[in-house]
Amino acid sequence: MPTPLTLYSPAKINLFLRILRRRVDGYHELASLFQAIDLSDVLTLSLGPDDRLSCTDPFIPTDATNLVLKAADLFRRKTGMTFGLHAHIDKRIPIQAGLGGGSSNAATTLWGMNELCGRIASQDQLAAWSAEIGSDIPFFLTHGTAYCTGRGEVLRPLSKLGSKLLWIVKSPEGLSTPSIYGKLKANELLQRNPEEALEKFLKGNGEYYNDLEIPAFEIMPELHDLKKQLLNQNFEAVLMSGSGSAFFCIGDTQPVVPQHYFCKKASFVNRNACSWF
Ligand code: C5P
């Protein structure tokens with residue numbers, strides 16, 4: 001039996017997130033600059049006769065609905081392999097936060113299973129397959145910085161951005177992605193050009209915005225109050241990540257928030273082509 005693989009499974013933030021329109025299939029066409037950060041879960045993976053999943057967080061389902069086991073199933077279907085996966089998640093990324101924790105776990109599983117099987121698939125194949133089980137998963141198979149379009153699965157990998165210190169803040173209440181998209185009125189949004197926002201980031205003077213803040217603040221007005229409180233604390237930027245409810249605050253100084261809130265320092269992270277995060 002080969003030794004288990006222990007891999008970091010990083011979170012992501014969206015430095016800007018523009019929703020362009022609602023599609024006929026119910027998904028939304030978006031344009032967003034995704035960046036991986038070093039706030040990570042830890043996954044332990046090994047091959048076995050059947051599928052088994054455990055997690056340190058008792059609120060996370062460990063049955064076939066978990067993206068880790070969906071990824072294992074996808075890998076088997078695409079490669080014709082038949083073995084099972086034994087996986088354990090040490091959960092450190094808050095859930096219902098817009099930080100992509102579940103998607104990252106799925107991407108890490110695909111990468112890890114491919115390693116355990118002797119790299120039978122290319123990274124491009126893994127990324128293309130992964131879009132079948134979640135829009136944000138292909139991003140986590142890039143090196144960690146990408147401009148994502150389509151429903152999130154069309155990737156333009158970018159060179160590393162200048163590193164920034166940031167803080168992830170999340171109140172105990174989470175938000176569900178489908179409910180945020182369901183509340184969004186895509187045709188009422190400001191018609192900002194995402195390519196211009198991208199240019200600004202590449203030149204080092206980013207324009208941070210997230211169209212999903214509007215429906216998130218409608219559903220949970222206290223999030224808007226939290227953003228205002230954080231904005232008063234002299235950060236370069238304070239923005240909700242993805243569909244929320246976590247915020248990232250760009251700056252060195254620890255934000256002042258109630259003690260029971262999640263509040264952790266993080267920084268941008270990228271990987272090399274042949275190794276994982
Ligand atoms: O692709 P994924 O399963 O992560 O998406 C979860 C839900 O988020 C979808 O069912 C849809 O309601 C919403 N979504 C969307 N447009 C996107 C991505 C997600 O409407 N581009």
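Whatever order the structure lists them in is the order used to number ligands and atoms, beginning at 1.
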Intermediate values then yes/no, side chain to side chain donor-acceptor pair (under 3.5 Å), Ser122 and Asp124: CA-CA 5 Å; Ser122 70; Asp124 285 348; 5.4 Å; no
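Remark: side-chain polar atoms of Arg192 are not paired, donor with acceptor, to backbone N or O of Tyr209 under 3.5 angstrom. Not one N or O on the side chain of Asp41 forms a donor-acceptor pair closer than 3.5 Å with the backbone of Tyr8.
Counting non-hydrogen atoms of neighbouring residues, nucleotides and ligands closer than 6.0 angstrom, the CZ atom of Arg52 reaches no more than 12 such neighbours. Counting heavy-atom neighbours within 6.0 Å of Lys264 NZ, excluding the residue itself, gives a total of 12 or less.
In this structure, the protein non-hydrogen atom closest to atom 13 (C) of ligand 1 is Tyr181 CD1, 3.4 Å. Summary of contacts: the protein heavy atom closest to atom 12 (O) of ligand 1 is Pro178 CA, 3.8 Å. Counting only heavy atoms of the protein, atom 9 (C) of ligand 1 lies nearest to Tyr27 CE2, 3.8 Å. The protein non-hydrogen atom at the shortest distance from atom 1 (O) of ligand 1 is Ser135 OG, 2.5 Å. Annotation: atom 20 (O) of ligand 1 to nearest protein heavy atom, His28 ND1, 2.8 Å.
The distance from ligand 1 to the heavy atoms of Leu30 drops below 4.0 Å at these ligand atoms: 21 (N). The ligand atoms of ligand 1 that sit less than 4.0 angstrom from a heavy atom of Gly26 are 20 (O). Of all atoms in ligand 1, numbered sequentially from 1 with element shown, those under 4.0 Å from a heavy atom of Arg151 are 17 (C), 18 (C), 21 (N).
Atoms CG and CD, from Leu158 and Gln35 in turn, are 9.5 Å apart once rounded to the nearest 0.5 Å.
Ring orientation note: the planes of Tyr147 and Phe16 are tilted relative to one another, at an angle of 30° to 60°. Taking the six-membered ring where tryptophan is involved, the planes of Tyr208 and Phe201 are perpendicular, since the angle between them exceeds 60° and thus also 30°.
Heavy atoms of Asp136 found under 4.0 angstrom from ligand 1: none, in either backbone or side chain.
Within the structure, the closest approach of Ser103 to ligand 1 does not fall below 4.0 Å when heavy atoms are considered.
Every N/O-N/O distance between Thr177 and ligand 1 stays at or above 3.5 Å.
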